[in-house]
J.: 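Let me begin by handing over the structure; questions about it come next.
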Amino acid sequence: MSYLNLIYHTQNMNRTTLVLGACGQIGTELTLSLRAKYGNNKVIATDIKEPDLIELKEGPFEILDASDARGMRAICEKYNVDTVYHLVAMLSATGEKFPMKAWDLNMQSLLHALELAKEKVIKKIFWPSSIAVFGPTTPKQNTPQQGVMEPSTVYGISKLAGERWCEYYHNKYNVDVRSIRYPGLISWKSQPGGGTTDYAVEIYYKALEEGKYTSFLSEHRTLPMMYMADAIRATMELTEAPLENVKIRSSYNLAGISFDPASIGASIKKIVPGFELNFKPDYREEIAASWPESIDDSQARMDWNWTSKFDLDSMTVDMLTNLRAKLQLS
Ligand code: SER
């Protein structure tokens with residue numbers, strides 16, 4: 001190995017991965033998975049608040065407000081960051097209550113990261129988009145990768161604008177940015193907050209704790225969903241895919257399981273026989289009604305071999321088993 005190669009190699013060996021929003025629903029599990037793969041000290045966790053989960057402190061943890069450009073740059077320089085997983089966002093339901101805050105947070109934090117990549121402070125960005133980029137005028141079944149996109153929520157508008165910025169930075173400045181349009185995500189380790197799809201997590205907690213649940217979406221409101229284990233795998237697979245395989249620089253459609261509140265209720269009933277499910281739709285019903293029911297993810301399958309593993313019943317078994325242990329229920 002030549003001297004220059006050796007220096008290059010050593011510099012790269014010392015580079016780290018940064019997670020923005022490490023205490024959130026996705027950030028928590030992603031940080032733990034990345035650390036399991038690359039080592040605790042190679043993954044820098046950041047969030048605006050201290051973690052509740054003590055495991056997140058087993059590697060470097062820094063308080064960072066992702067809308068603070070200087071703070072983000074300082075941490076990237078301090079830890080010689082190579083890849084940034086940007087998981088900071090205000091979700092759809094909260095975004096409707098605080099439209100300007102949602103726009104500012106979702107946009108500024110992304111643009112700060114894109115600027116750092118443009119200036120070669122960092123090399124790669126993963127940033128999530130969402131099924132919320134689609135709107136009432138989009139075909140609902142098997143929604144294609146490209147087509148009509150007229151989102152009706154602030155969250156969706158910010159994600160669609162973010163996708164355009166990602167592609168723009170890639171085309172203009174050769175920034176290596178990768179993205180997935182996540183469906184609603186279901187997890188037991190950390191809770192979601194402020195999303196329209198959150199009912200599909202709450203329902204499992206309530207089934208175990210109270211034996212009943214009242215859904216804020218209507219009985220047959222079908223949405224695209226995914227189990228967190230699949231989402232984390234997709235995130236890491238896309239981010240680590242060879243450069244030439246990543247053809248889409250806006251955001252990839254990704255499909256897991258499509259279901260409605262009635263079907264997840266039926267799946268839970270197989271394990272919690274007396275489970276009682278009621279429906280009282282609120283303002284989130286209208287948001288959900290504007291989104292697709294199922295997603296065509298053939299581009300992700302083709303480009304980086306994506307395939308989901310969990311179906312509704314296998315997710316239910318895994319969720320209830322893990323939640324029972326977590327909540328210390330017999
Ligand atoms: N889970 C998100 C939400 O409900 C959608 O990306 O806002």
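Read the numbers this way: they start at 1 and go in the same order the structure lists the ligands and their atoms. The structure displayed is predicted, hence computed values, not measured ones. Counting begins at 1 with the first residue of the sequence.
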J.: Going by the atom numbers of ligand 1, which of them fall below 4.0 Å from some non-hydrogen atom of S130?
T.: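 Every atom of ligand 1 under 4.0 Å from some heavy atom of S130: 5 (C), 6 (O).
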
J.: Can you name the atoms of ligand 1, numbered from 1 with element, that are less than 4.0 Å from a heavy atom of Y155?
T.: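 Here the atoms of ligand 1 in question are 5 (C), 6 (O), 7 (O).
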
J.: List ligand 1 atoms under 4.0 Å from W291, heavy atoms only on the residue side.
T.: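 Result: 3 (C), 4 (O), 5 (C), 7 (O).
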
J.: With heavy atoms of T196 as the reference, note each atom of ligand 1 found under 4.0 Å away.
T.: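 Checking each atom against T196, I get 3 (C), 4 (O), 7 (O).
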
J.: Checking contacts here: is it the side chain or the backbone of Y199 that comes within 4.0 Å of ligand 1, counting heavy atoms only? Could be both or neither.
T.: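 The answer is neither; Y199 stays 4.0 Å or more away.
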
J.: Using every non-hydrogen atom in the two residues, find where F279 and S218 come nearest and quote the distance to one decimal.
T.: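 Scanning both residues, the minimum pair turns out to be CD2-C, 4.0 Å.
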
J.: Check each atom of ligand 1 against the heavy atoms of L91 and keep those under 4.0 Å away; list them by number with element.
T.: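 What qualifies from ligand 1 is 7 (O).
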
J.: In ligand 1, which numbered atoms sit nearer than 4.0 Å to a non-hydrogen atom of S92?
T.: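 Counting atoms of ligand 1 from 1, those under 4.0 Å from S92 are 3 (C), 4 (O), 7 (O).
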
J.: What's the shortest heavy-atom distance between E62 and K78, and which atoms?
T.: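 Residues E62 and K78, closest heavy atoms: OE2-NZ, 2.7 Å.
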
J.: For T143 and T138, which I'm curious about, is there any donor-acceptor pair between the side chains at under 3.5 Å?
T.: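 Side-chain D/A pair, T143 to T138: absent.
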
J.: Of the protein's non-hydrogen atoms, which lies at the shortest distance from atom 1 (N) of ligand 1, and what is that distance?
T.: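 Nearest neighbour among protein heavy atoms for atom 1 (N) of ligand 1, to 0.1 Å: T197 OG1, 2.8 Å.
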
J.: If we count only N and O atoms by modelled type, under 3.5 Å, do the side chains of D318 and T321 hold a donor and an acceptor together?
T.: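 No pair is found: no donor N or O on one side chain lies under 3.5 Å from an acceptor on the other.
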
J.: Under 30°, 30 to 60°, or over 60°: which ring-plane class applies to Y168 and Y173, parallel, tilted or perpendicular?
T.: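 Geometry flag for Y173 against Y168: perpendicular rings.
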
J.: Is there a donor-acceptor contact under 3.5 Å linking the side chains of S314 and D311?
T.: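 Distance-only check passes for S314 and D311.
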
